[in-house]
Amino acid sequence: MTNKRKSIEELRDLGYAIDESILGASDAEVSEELASLGIDPEKVTAEMDAIAEEAKRLAGKSRLARAKDAVSSFRNPPNSSPGDRTALRSRLQRMRSGRPGGNDGLMMAARKGKDMSANDEEGALDDLAQLEALESEDPEASNE
Amino acid sequence: MDHANAPLAGELSEPESRHLAPEEVLERLDSLSPEDKRRLKLIELRRLSGTDFQDGLLYQEAVCQAVLGERRCPRETAFAAFLAQSMRSIASHRRAELARQVPITREGRFGNPVDLPIAADQLDPEEILIEREAADVVAEIYKLLEGDDEAQLTIIAIADGKKGKELRDELGIDQARFDYIMKRIRRAMAKKYPKGWPS
């Protein structure tokens, strides 16, 4: 055998070739090989079905857990640090003044030109923090 | 279909339309034939060695990852071949993880642990260990087929990276003959490595 290839590559290719030959083998050969390993070919189908059903159940459970995590992290964003809060406050100011790069006074329009209360401002900062967190998870979102 | 040349499963960067959608994965799973399930069982058994997966759990993991979309099946790939490749990949990753937990020592002449000599600019220790084990297995497989020149030549050609038509042309045989040789190789392997080889 050539020395140019690593043994791990040779073994990997042998493994591929054997898997390939199993996928292309006749039903009789496969049953015979299972039997030679002490496995009843007739029982294999039901066992594999049961395993697949369990896999589907576990996948559903995992998907649900991920969805719960996503909802939870959306509802409870990590607390922003005082430094972050200051940066958010200046971004909010820019947005309210309608300066270039801000949101062009949209929020002021929504408030009919009135100033925000302290509570409103804190809420807006929370919203901005969530927005920035989402943008950092999805870089494309910030370009839209 | 030549499964060996099929695209690798789980390439996440390709457009969605090139892969089965989640509901299609479930359909393909439910419509696997009893024969394909037996084939996948044989392949799973061959991939257990060197992992800590119990019988059935490697297949379960492959199905789970397919259903969750963690590994995606290219449309042009047969679903059974995709599951076979997923099992192969999952087992390989698991072996590598376990290898990282193995201390890089061997037993000395008097039973004392001796550090394996490893040069700093070479492969990392786990790779050296895996490569050494692989070399032993390749040599053992070749030896197992002693007396069957055709099978030994086939092993050499496969280990040399040949596949499909190129492989058959090099051996000067047709597909039917190749299938028959591979059957003999599988039988010999099943005796020595009923759960595949450890690397």
Residue B:L32 versus chain A: region with a heavy atom under 4.5 Å: neither

Is there a side-chain contact between B:E61 and B:Q65 (heavy atoms, below 4.5 Å)? yes

Give, as side chain, backbone, both or neither, the part of B:L57 having an atom under 4.5 angstrom from any heavy atom of chain A. neither

Closest non-hydrogen atoms of B:A62 and B:S86, given as atom of the first, atom of the second and distance, are CB-CB, 4.0 Å

Audit row: A:S26, B:E35, side chain to side chain contact (heavy atoms under 4.5 Å, CB included) steps and yes/no: CA-CA 9 Å; A:S26 72; B:E35 293 76 21; over 6 Å; no

Less than 4.5 Å to any heavy atom of chain A: does that hold for the side chain of B:I141, its backbone, both, or neither? side chain

Give, as side chain, backbone, both or neither, the part of B:D30 having an atom under 4.5 angstrom from any heavy atom of chain A. side chain

Pairs of heavy atoms under 4.5 Å with chain B: top-ranked of A:L58, A:L37, A:D27, A:I39: A:D27

Heavy-atom closest contact (A:A25 atom, A:V30 atom, distance): CB-CG2, 3.9 Å

Using a 4.5 angstrom heavy-atom cutoff, name the option from B:M87, B:R187, B:R186 with the most pairs to chain A. B:R186

Between A:T45, A:L14, A:D13, A:I22, who has the most heavy-atom pairs with chain B when the cutoff is under 4.5 Å? A:I22

Closest-packed option against chain B by number of heavy-atom pairs under 4.5 Å, given A:E54, A:E47, A:K56, A:E53: A:K56

Of A:E33, A:R12, A:E32, the largest count of non-hydrogen pairs under 4.5 angstrom with chain B goes to A:E33

Could you tell me which non-hydrogen atom of B:A80 sits nearest to which non-hydrogen atom of B:L40, and how far apart they are? O-CD2, 3.3 Å

Please output the side-chain donor-acceptor pairs of residues 60-71 of chain A that fall under 3.5 Å, not counting sequence neighbours, one pair per line with the distance.
| from | atom 1 | to | atom 2 | distance (Å) |
| --- | --- | --- | --- | --- |
| A:R63 | NH2 | B:V67 | O | 2.8 |
| A:R66 | NH2 | B:E70 | OE2 | 2.3 |

Heavy-atom side-chain proximity of B:K183 to A:E29 below 4.5 angstrom: yes

Got a salt bridge between B:R75 and B:E24, using NZ or NE/NH1/NH2 to carboxylate O under 4.0 Å? yes

Can you tell which of B:M182, B:K191, B:M189 has the highest number of heavy-atom pairs within less than 4.5 Å of chain A? B:M182

The interface call for B:I158 against chain A, heavy-atom contacts under 4.5 Å, is both

Under a 4.5 Å cutoff for heavy-atom pairs, which residue among B:I43, B:D36, B:L26 has the most contacts with chain A? B:I43

Does any heavy atom of chain A fall under 4.5 Å from the side chain of B:R38, the backbone, both, or neither of them? both

Quick one: which of B:L68, B:V63, B:L29 has the most heavy-atom pairs under 4.5 Å with chain A, could you say? B:L68

Distance-minimising heavy-atom pair for B:G50 and B:L98: O-CD1, 3.5 Å

